[in-house]
Amino acid sequence: MTATSDTWPIASPADAIRARALLARYAADAGVPALERARLLAAVGARLRQGLDEGDTRLTLSAHPDGRLQIVVAGSEPWRHTVVCPSPTAGPLPSPADLDDARLAEALLAADEDAAAALAAVDETEELVRFHREELHQTNQGVLALHAELEAAALAQRELLDAERAARAEAESARRLLTFLANASAALNASLDHDDILRKLPELLVPEYARHVDIWLMDDERTPPGGRAAATVAAARTGRPQHAGPHPGELPGVDDLPASALFPDRSLLCLPLGARTVQGVLTLTAPGDRFEPDTTVMLLEVARRAGIALDNARRYEQHRDVAEALQRAQLTDLPSTADLALAARYLPATHGLNIGGDWYDAFPQPDGSVLAVIGDVTGHGLRAAVIMGQLRTALRAYAVEGNGPARILTLLHRMLRHQQPELYATCAIARFTPGEPGVVWAAAGHPPALTRGPGGEVRVLDVKPGIMLGVPVPFEYEEQSVELPAGSTLALYTDGLVERRSAGIDAGIDRLAQAMGALDAVDLEDLQSAADSLLKPMLYDSEHDDDICLLLCRTAGS
């Protein structure tokens, strides 16, 4: 089937109305939806009105078998439009001649109905659009609110992360400061040497916590107060920490002063040293622009502990000096006899408060014999020195009564048991009698004596010693006789000479025996030189934890 076509001339508004009405009826019969019909008729009417204004207009309708309806409005500018008809009509296209007045009116009313239906559809669509627009607005508001909540949550999370990082940094800083404080405290308290503590302070603090460290001791007259910063002098005078710098430090527990005239561009922290009284001032120069508050708190504690360490060292040194002075005061001059030469040495411990327990003594008895004594009181310090003096005095008193070495030790043992039940002592007594070629010996828990014969042979007196003096059991000591040829040397000593932490006492006794055997001719002629020659190889390490006594006794040659 071919398309059918018809052209209607449009010469007047009435022709335009008739053509529009016919087109409306045909489109309705062809099943074109009302809204689309309304749009089509409105467009055709506008083109027809424009054509009437121009003077010559024609309306051509072409119905195709596939349901397409083509509308062409001819004029100066032709207008074309195609509509798909769901129910194309089988009959011919309508003609304006077929449309009388009644049908025209009916067609116009139908067109109005179509317009009303189209407007209703438009209203419904607008209402639906308005509904969806409101929903979209609410959705947008929800999205904006959700976005704001997400931003707030992200901001809160960032703040929490920042707070956590700050807390971790503070915890790490506190841990680092506490670790340093513990290590510094251990280092300062590990020594009782005043100078050693003062030397350690700069080593601990520079360069991490101070650019420079200065320590001013109150009894040091080498640098007068006029050569010190005003904050240092103020700290010494008031006993309070002082800060001086270009800007106030506002540090906890520290007073602020103006910048130092000696160091106007530096931040100084002046900390008093001393546990009971101010012994000195520790002056620190800030490692950077200023001191941090947390670091300052740690430095205050370091200064406090350094002051305690210095005070302990000072008291220890005073105690040590008193004990050593008392010890030396009770070491008597050795007697001079024709038949017996004597030489003695006393050396205090090089470190530690291990002074006061060792002593030696030698004195003649009424019968002309000479007693050589060596002893060691357990414990150290002033108390040991006092007990040593009591034993020495009691020993001389018992000897004046004519008692022999064993009886003297027995009486000393009883005395110490009753008067000082918590202290013990070792002792060895040798009695040299003129005209007798030997020595009578008795010992109470003391290291064995050594002898060197005139030919250089050395032997250890393997005499089983009795128990230590003061042990809470009754005990009677026994004497033994040792034959000594003329020109022989007997060595009495305390355990500090032969005992070391790294080796047992037996190894030390062997070393002493070798040293005695190695004495040369000069040493054999001068007993004082022999004493020095024996000490030299025995103290090669120069450090010993205990004080040392050595007593050499040489019988006259034949």
Q: For F180, check ring-ring contact (aromatic ring centres under 6.0 Å, His included) against everything at least two apart and list the hits.
A: Y209

Q: Can you pull the salt bridge (Lys or Arg N to Asp or Glu O under 4.0 Å) pairs that have at least one residue in residues 233-257, sequence neighbours excluded?
A: R240-D255

Q: Take D532 and R345 through the test salt bridge (Lys or Arg N to Asp or Glu O under 4.0 Å) and record every step on the way to the result.
A: CA-CA 8 Å; D532 294 333; R345 294 291 183 270; 2.9 Å; yes

Q: Side chains of T426 and H446 only: does a donor on one sit below 3.5 Å from an acceptor on the other?
A: yes

Q: If only atom types and distance count, is the side chain of N183 paired as donor or acceptor with the main-chain N or O of T179 below 3.5 Å?
A: yes

Q: Where do V233 and W216 come nearest, in terms of heavy atoms and distance?
A: CA-CZ3, 4.3 Å

Q: Which heavy-atom pair separates D547 from T494 by the least distance, and what is that distance?
A: O-OG1, 4.0 Å

Q: What class does the angle between the rings of H243 and F291 fall in, given that below 30° is parallel, 30 to 60° is tilted and above 60° is perpendicular?
A: perpendicular

Q: Check E172 with R176, please: is the shortest side-chain N to carboxylate O separation under 4.0 Å?
A: no

Q: Tell me, do L204 and L188 make a side-chain contact under 4.5 Å, heavy atoms counted?
A: yes

Q: Kindly compute the distance separating CZ (R168) from OG (S173), expressed to the nearest 0.5 Å.
A: 16.0 Å

Q: Given 3.5 Å as the limit, does a donor-acceptor pair link the side chain of R305 with the main chain of S185, or not?
A: no

Q: Report yes or no: does E479 contribute a side-chain atom to a donor-acceptor pair with the main-chain N or O of A406 at less than 3.5 Å?
A: yes

Q: Please tell me whether D214 and T283 have a donor and an acceptor in their side chains that are separated by less than 3.5 angstrom.
A: no

Q: Please check this pair: side chain of Y477 against backbone of I467, looking for a donor-acceptor N/O pair closer than 3.5 Å.
A: yes

Q: With a 4.0 Å cut-off, would you call R414 and E476 a salt bridge?
A: yes

Q: Say you draw a straight line from CZ of R199 to CG of D193; how long is it, rounded to the nearest 0.5 Å?
A: 7.0 Å

Q: From M415 CE over to L411 CG, what is the distance, rounded to the nearest 0.5 angstrom?
A: 10.0 Å

Q: Are any of the side-chain nitrogens in K200 or D196 under 4.0 Å away from the carboxylate oxygens of its partner?
A: yes

Q: For R452 and G517, which heavy atoms make the closest approach, and how far apart are they?
A: NH2-O, 3.9 Å

Q: Going by an N to O cut-off under 4.0 Å, is there a salt bridge joining D162 and R165?
A: yes

